[in-house]
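So that we are looking at the same thing, I have put the structure below in structure tokens.
Both ligands and their constituent atoms are indexed starting at 1 by order of listing. No hydrogens, no waters, no symmetry mates; every other heavy atom, side chains included, goes into these values.
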Amino acid sequence: MLDRRIVILGSTGSIGTQTLDVIERLNTAGCKFEVVGLSAGRNIDLLIKQIEHFLPLVVSVAEEEDAKSLHGRFDDLTVLSGSDGLEKLACYPDVDLVVNALVGAVGLAPTLAALSSGRTLALANKESMVIGGELVTRILREKEGTILPIDSEHNAILQSLHAGKHEEIERIIITASGGPFLNTPIDKLEDVSAAEALHHPNWSMGARITIDSATMVNKAFEVIEAHYLFDVPYEKIEPVIHPQSVIHSLVEYVDGSIIAELAASDMRIPIQYSLVYPERVATNLPRLSLEEVSNLSFEVLDMVRYPAFATVVAAGVRGGTATAAVNAADEVLVKRFLRGEIGFTKIAEGLQQIFDSWEGRADVENEDLSLARILDIDGWAREQAAKLNL
Ligand SMILES: NC(=O)c1ccc[n+]([C@@H]2O[C@H](COP(=O)([O-])OP(=O)(O)OC[C@H]3O[C@@H](n4cnc5c(N)ncnc54)[C@H](OP(=O)(O)O)[C@@H]3O)[C@@H](O)[C@H]2O)c1
């Protein structure tokens, strides 16, 4: 029987709520998963429901005011707040597994804290690897720690990697659905609305990642994430458009064999694999019917349709704080698009401009990479992206 004590950072979000659903299923299937800690940003009503249901020992919230009101409501609960609270929760004692389901750069410090204190990390927060890949892998090596990726593509790669040795990998192939605008005429892209961009054909996800899937920034982030998670050079990681999202990614070996993972498009499947790794448990999650799928297709990723992909991968290859700059800029530009301030195609234009300005800064050569330095560039890029005249 699997027996694990678990902390979930970002329990009120899309991945966080699905993780709690999986935990209930696992416990129904005879496992013993104990929820020790939860964290929310501002959705305190949902956090209260989660506290009442899962009875954690400790929670963390973004605002101190919310922490005070929770403290008054639940006598025996330890309530933390702010980024300091997230870091404390990430290395809370007597915990087997920390799930990082936060969105954005705020996820990096807790990732570093969890790994530094020897916790196994189930990682959905891709920004941790995108902006902090070098730091995260350094700590991972020092502490001989483990990251179990929740992102469906990396979870599929992890599963496919069991079929061969690291030196036998020829290439990693990351699938991309193409998002809602795969077949939209390119000259119409500047006029698409936020509502259209938020309508992902296959997955139901948080707002930012849905827009990032439409621009293909998300796929570029996944390339960077795969580079660090699996220690594979960029030239061996390739995207391919696969509109059905049935194959979640593939690994090709030197003998020409390609190993893929296929499953229903339901994030609870990779979430569960990361919670029970290396076991498998039957929990009645949706199944894939090959007869219903009937047809799998693949296309080359069109760089004219998705210009942001090349910009973000170039930032990954450049290394240092380049990825912190493009990630922060993307967060701001996506918000500006959702508010109707800029058109859809301006997200890619803005990203290229911020990457160019980052290259133009004298202080980025030979910089000493640290969390403080990453957050400094993050702040700079946010300011720049907010005032770009697009
Ligand atoms: N959703 C998916 O299917 C999916 C798939 C693959 C990878 N991912 C990755 O998983 C991560 C989470 O995505 P998501 O879609 O679950 O995002 P989401 O629905 O927006 O949830 C984000 C969570 O982080 C919390 N949060 C946000 N800002 C915070 C802050 N400043 N301080 C403390 N907590 C904060 C939110 O709290 P409140 O809601 O309470 O404010 C919420 O619990 C992202 O990195 C995403 O790229 C997601």
Q. Among I271, D266, V106, which one has a heavy atom closest to atom 31 (N) of ligand 1?
A. V106
Q) Quick one: which of Q18, K126, R42 has a heavy atom closest to atom 47 (O) of ligand 1? A) K126
**Q.** Any donor-acceptor pair under 3.5 Å from N100 side chain to A124 backbone
**A.** no
Q: Just jot down the ligand 1 atoms closer than 4.0 angstrom to any heavy atom of N43, in number order.
A: 38 (P), 40 (O), 41 (O)
**Q.** Residue, atom name and distance, where the atom is the protein heavy atom closest to atom 32 (N) of ligand 1
**A.** A62 CB, 4.0 Å
Q | Candidate with minimal heavy-atom separation from atom 10 (O) of ligand 1, of A124, A105, S152 | A | A124
**Q.** Among S213, S14, G13, closest by any non-hydrogen atom to atom 1 (N) of ligand 1
**A.** S14
Q) With H248, which of H154, Q159, E153, E261 fulfils side-chain hydrogen bond (donor to acceptor under 3.5 Å, both in side chains)? A) E261
Q: Using a strict cut-off of 4.0 Å, indicate which atoms of ligand 1 neighbour a heavy atom of N125.
A: 45 (O)
Q: Report yes if L86 has an N/O atom closer than 3.5 Å to an N/O atom of ligand 1; otherwise report no.
A: no
Q | Salt-bridge contact R373-D368 (side-chain N to carboxylate O under 4.0 Å) | A | no
(Q) Do Q384 and S357 pair up side chain to side chain, a donor and an acceptor below 3.5 Å, judged on atom types alone? (A) no
Q: Decide whether E367 and T321 meet the rule of one side-chain donor and one side-chain acceptor closer than 3.5 Å.
A: yes
Q: May I ask you to check whether S152 and N155 show a side-chain donor-acceptor distance below 3.5 Å?
A: no
Q) Would you say the side-chain atoms of R336 pair up with the backbone N or O of L388, donor to acceptor, closer than 3.5 Å? A) yes
Q: Output yes when the distance from some N or O of ligand 1 to some N or O of M267 is under 3.5 Å, and no in every other case.
A: no
**Q.** Nearest candidate to atom 44 (C) of ligand 1, where distance is taken over non-hydrogen atoms, out of N155, I209, L102, D151
**A.** L102
Q. Regarding S128 and T111, is there a side-chain donor-to-acceptor distance under 3.5 Å anywhere?
A. yes
Q: Could you verify whether a donor N or O on one side chain and an acceptor N or O on the other, from Q50 and S11, lie under 3.5 Å apart?
A: yes
Q.
Regarding ligand 1, does E127 bring an N or O atom to under 3.5 Å of one of the ligand's N or O atoms?
A. yes
Q. Which residue and non-hydrogen atom of the protein lie closest to atom 16 (O) of ligand 1, and at what distance in Å?
A. I15 N, 2.9 Å
**Q.** Which residue and heavy atom of the protein sit nearest atom 37 (O) of ligand 1, plus the separation
**A.** G41 N, 2.9 Å
Q. Out of V103, I150, N100, whose heavy atom sits nearest atom 22 (C) of ligand 1?
A. V103
(Q) Check whether W358 forms a cation-pi arrangement with R318 (NZ or CZ under 6.0 Å from the six-membered ring centre, at most 45° off the ring normal). (A) no
Q. Of all the non-hydrogen atoms in the protein, which one sits nearest to atom 43 (O) of ligand 1, and at what distance?
A. T12 OG1, 2.7 Å
Q: Identify, for atom 23 (C) of ligand 1, the protein heavy atom at the shortest distance, and state residue, atom and that distance.
A: A101 O, 3.6 Å
Q: Examine G206 against ligand 1 and note whether any of their N/O atoms are separated by less than 3.5 Å.
A: yes
Q. Using a distance-only test with no angle check, is there a side-chain donor-acceptor pair under 3.5 angstrom linking H242 and Q244?
A. yes
